[in-house]
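In what follows, residues are counted from 1 in the order of the sequence shown.
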Amino acid sequence: IPPTVEYNDNIYTVIEIGSQAFYKCEYMTSIDIPHTIKRISYKAFYALNHLEQVNITDLSAYCQVEFKDDCLLRNDAILYLNGEKVVSLEGLNETCTKISDYAFSGYKYLSKAIIPESVITIGKESFTNCANLKYLEIGSNVESVGNDAFAECKSLTKIKFVDGEKQLTLGICYGGAFKDCPLEEVYIGRNIWFDYQGSNSDYYKPFPKRISKAIFNKYAGGKNGYDYMDCFKSISEAYFTPDCEKIDFSISNNQPDNVYIFSNKIMKIKNCTFGETSIVDPFDNIYVIDKDNLPEAFSSVEGDFYNLV
């Protein structure tokens, strides 16, 4: 597909691939997508069962293409950036402000996704079923992650939400933004919330499965009667860093099995069941680790927070 076409002595920039343009071209094996493309319309590449490669010259431009219904990469096609197989998002630059709906849906060759600071939104189903995606890092300026954005990424075990001041809203729908992801560790360096759409059941949580370890480096206040811990179905171990000054969670619903607090700043633990509990009268599974000022009421736990991270 050329970036420009000439007609009646006029040169036009190609910005859209029309609806059903290559519908059922089942023996097409390769496509070149120019950086000028802004939209790929309904079923433009439907039923390309023998597609092997998609060639692009600008990864940032590709990520911002408006896909109307699906992605080119679902049928085992390999994405090439200037001749190199795309296995991460290292080719993104500051011009990329969004990852569009369906952009990498079904792409099985992506192993690491680091979303840069320039990105503000991550679209729905943008990385759904990326079977070999193992590590995800979401930049500090991302404000929203769409429904099912990372659902069914069956190798995704670690996520880092980079430290930042902006609140991040996570999409839910059909089992959560991270549905069926075998997550082991989640690092949260900013306020997070989820669009619960009137339901707070485990099925609609962004993290609908049990997580082994969650590290919180930011206090996030609740709204609409819920708080940031409601994003999780359950956590085995929760770590709160020295930058946290308050903890909110529901003791009755999703209190972690063990809570480790690496700070003496936290003076109150607030939960919707018992109100505010003084830090000097903790629950049995809450431990404060502060070598300089350790309250006598707490047990010390061996280990260094930064090694845990």
Item to check | Sub-6.0 Å ring centroid separation between Phe67 and Phe104 | outcome: no
Checklist entry - Would you call Glu152-Lys179 a salt bridge at under 4.0 Å N-O? => result yes
Item to check | Pair Lys213 + Glu185: basic N to acidic O under 4.0 Å | outcome: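 Yes, this pair counts.
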Same cluster for [X] and [Y] if Ile/Leu/Val/Met/Phe/Trp/Tyr side chains link at under 4.5 Å?
X     : Y      : result
Tyr12 : Ile37  : yes
Ile17 : Met28  : yes
Val86 : Tyr135 : no
Leu72 : Val14  : yes
Val5  : Tyr7   : yes

Item to check | Residues Ser105, Asn129; criterion side chain to side chain contact (heavy atoms under 4.5 Å, CB included); working and verdict | outcome: CA-CA 6 Å; Ser105 182; Asn129 197 26; 5.7 Å; no
Side chains of [X] and [Y], heavy atoms from C-beta outward: is any pair under 4.5 Å?
X      : Y      : result
Leu133 : Phe150 : yes
Leu156 : Phe127 : no
Ile33  : Ile1   : yes
Val162 : Glu117 : yes
Leu168 : Val145 : yes
Val87  : Leu110 : no
Asn132 : Tyr109 : no
Ile215 : Ile188 : no

Checklist entry - Can you tell me if Asn217 and Tyr239 form a side-chain donor-acceptor pair at under 3.5 Å? => result no
Checklist entry - Is the charged tip of Lys85 near the ring of Tyr80: under 6.0 Å from the six-membered ring centre and within 45° of its axis? => result no
Item to check | Heavy-atom pair of closest approach, residues Leu183 and Lys158 | outcome: CD2-N, 4.3 Å
Checklist outcome for this item: Residues passing the side chain to side chain contact (heavy atoms under 4.5 Å, CB included) test with Ser30, sequence neighbours excluded, are Asp32, Gln53, Asn55
Checklist entry - Aromatic rings Phe161 and Phe178: how do their planes relate, parallel, tilted or perpendicular, breaks at 30° and 60°? => result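 Rings of Phe161 and Phe178: perpendicular, over 60°.
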Checklist entry - Could you give all pairs that pass the salt bridge (Lys or Arg N to Asp or Glu O under 4.0 Å) test and reach residues 96-110, with sequence neighbours left out? => result Asp76-Lys108
